[in-house]
Q: 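Here's a structure for you.
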Amino acid sequence: RVKEHGRNSVRQFIPEMGVTAISRLNMESAMRRGLERAEFALHYQPKIDLKSGHVVGAEALVRWYHPQIGLIHPIEFIPLAEETGLILPLGEWVLNEACRQQVAWVNKGLGAFKIAVNMSSRQFRQDDLAERVANIIQRSGVDPHAVTLELTESMVMQDVGSTLMTLRSLKNLGLSISLDDFGTGYSSLSYLRRFPIDELKIDKSFINDIHVNPDDAAIAGAIIAMGLSLGLNVVAEGVEKNEQASLLKEMRCTQVQGYYFSKPVDATAFEGFVLKNQARRVGE
Ligand code: C2E
Ligand code: MG
Ligand code: MG
Ligand code: MG
């Protein structure tokens, strides 16, 4: 299956002459400048426990507010950031900012949910990754057990020997590991068992038609059953409809994430969502 990158999001928000009109070189220096000028921001999307309905996590998703172009979605700049190496300082900023926000939320008494941060391939392959992550964790004062790193299947399957060592050192810090976009890559199931991972995130391409297509429902059901039997947390991403959510609940999927509950929103709006959600749970 081909991933539908930014199907609903990116193109609509960016004017025709936006990102595509910028040359690669300009884009690279604009990104560099953007980092210095703090043009990047994190949006957060709730991860919701299907049984309790509680917000149990927040996925941090990076956004770029370019002074002329406006909002730019990650699909438009992460690949170039990855190619040029800018993903390394950007990724450090993202992890740092997400940890800082998690601590701020804990201090506000907003409830205990985990923060999830996406990691790119180049970041993951740094020799001193665990050391860098440990520094950020320590400086921010975040509880490492409240931090999840989302890695894609294809990333971890690239060099399984070094993957295993890196995963072990990250686990030793107390972090949780999630396999993002699960089902779109080429996971060997034997590695799934050997890697110290905590969570599978079923890719949204499998969730889209789950309520109308029995084949998709069968695939999602099989992934959920396998994940659960391996003792993993199973998250469905891209849930847009109530029918999808209730089907996933029947299949005993652990968590859901998607526009049906909330789009990724800024930190203030996320707090509003959590508070409203708590009130709704209490009031029902
Ligand atoms: P991802 O980690 O798989 O994140 C899920 C993407 O699906 C997000 O797009 C989210 O906004 C979108 N989404 C969530 N719910 C729904 C839904 O119900 N329907 C639909 N159609 N889409 C939904 P976003 O924020 O544009 O991010 C795209 C990708 O960019 C992410 O995929 C991730 O791979 C990458 N990314 C985002 N932030 C970072 C970051 O800080 N670092 C790195 N390395 N990659 C990032
Ligand atoms: Mg993710
Ligand atoms: Mg994903
Ligand atoms: Mg993705």
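Along the sequence shown, residues are numbered consecutively beginning with 1. From a predicted model like this one, the values you see are computed outputs, not experimental measurements. Counting convention: from 1, in listed order, for ligands and their atoms alike.
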Q: Looking only at N, O or S atoms, which one in E59 sits nearest to the Mg ion (ligand 2)?
A: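 When I compare the N, O and S atoms of E59, OE2 is nearest to the Mg ion (ligand 2).
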
Q: Is N118 close enough to the Mg ion (ligand 2) to have an N, O or S atom under 2.8 Å?
A: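 Coordinating: yes.
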
Q: Going by the atom numbers of ligand 1, which of them fall below 4.0 Å from some non-hydrogen atom of E237?
A: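 Every atom of ligand 1 under 4.0 Å from some heavy atom of E237: 3 (O).
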
Q: Are R32 and E36 close enough for a salt bridge, meaning some N to O gap below 4.0 Å?
A: no

Q: What does the angle at the Mg ion (ligand 3) come to, between atom OD1 of D180 and atom OD1 of D181, rounded to 10°?
A: 90°

Q: So, E97 and R100, do they make that salt bridge, N to O below 4.0 Å?
A: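 Yes, E97 and R100 are salt-bridged.
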
Q: With heavy atoms only and a cut-off of under 4.0 Å, state how D181 meets ligand 1: side chain, backbone, both or neither.
A: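 It is the side chain that touches ligand 1; the backbone stays farther off.
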
Q: Do you know which of V147, D128, L170 makes side chain to side chain contact (heavy atoms under 4.5 Å, CB included) with V133?
A: L170

Q: Looking at I210 and A220, what are the two nearest heavy atoms and their distance?
A: CD1-CB, 3.8 Å

Q: Between the Mg ion (ligand 2) and E150, which N, O or S atom of the residue is the nearest one?
A: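 Looking only at N, O and S atoms of E150, the one nearest the Mg ion (ligand 2) is named OE1.
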
Q: Would F113 and Y44 count as a close aromatic pair, with their ring centres under 6.0 Å?
A: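 Distance test on ring centres: not under 6.0 Å, no.
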
Q: Relative to ligand 1, is E59 under 4.0 angstrom through side chain, backbone, both or neither, heavy atoms considered?
A: side chain

Q: Does any N/O atom on Q257 come nearer than 3.5 Å to any N/O atom on ligand 1?
A: no

Q: Taking only heavy atoms of Q45, which atoms of ligand 1 are found under 4.0 Å from at least one of them?
A: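 Heavy-atom distances to Q45 below 4.0 Å select 14 (C), 15 (N).
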
Q: Look at K201 together with E150 and state whether they make a salt bridge at an N to O cut-off of under 4.0 Å.
A: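 So K201 pairs with E150 through a salt bridge.
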
Q: Identify which of H43, E82, M119, K204 has a heavy atom lying nearest to atom 6 (C) of ligand 1.
A: K204

Q: With a distance cut-off below 6.0 Å to the six-membered ring centre and an angular limit of 45° from the axis, does K263 pair with Y259 as a cation-pi contact?
A: yes

Q: With backbone taken as N, CA, C and O and side chain as the heavy atoms from C-beta onward, which portion of D180 lies under 4.0 Å from ligand 1: side chain, backbone, both, or neither?
A: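 Just the side chain.
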
Q: Do M155 and V235 belong together in a cluster built from hydrophobic side chains that touch within less than 4.5 Å?
A: no

Q: Are any of the side-chain nitrogens in K171 or D198 under 4.0 Å away from the carboxylate oxygens of its partner?
A: yes

Q: Geometry only, no angles: is R63 polar-contacting ligand 1 at N/O separations under 3.5 Å?
A: yes

Q: Please verify the inter-ring angle class for W64 with F40; under 30° counts as parallel, over 60° as perpendicular, anything in between as tilted.
A: parallel

Q: For ligand 1, does S120 get within less than 4.0 Å through its side chain, its backbone, both, or neither, judged by non-hydrogen atoms?
A: both

Q: In this structure, does ligand 1 have an atom that sits under 4.0 Å from one of the heavy atoms of P264?
A: yes

Q: Please assess Q257 against Q45 for the test side chain to side chain donor-acceptor pair (under 3.5 Å), listing each intermediate value before the final yes or no.
A: CA-CA 7 Å; Q257 207 184 333; Q45 188 179 37; 3.0 Å; yes

Q: For ligand 1, is any non-hydrogen atom under 4.0 Å from V94's backbone (N, CA, C, O), its side chain (CB onward), both, or neither?
A: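 Contact part for V94 vs ligand 1: side chain (C-beta onward).
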
Q: Counting each atom of ligand 1 from 1 as listed, which ones have a heavy atom of E240 under 4.0 Å away?
A: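 Those qualifying, in numeric order: 17 (C), 18 (O), 19 (N), 20 (C), 21 (N).
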
Q: Going by heavy-atom distance to atom 31 (C) of ligand 1, choose the closest among N208, L61, T152.
A: L61

Q: Suppose we only count N/O/S atoms under 2.8 Å; would E237 qualify as near the Mg ion (ligand 2)?
A: no

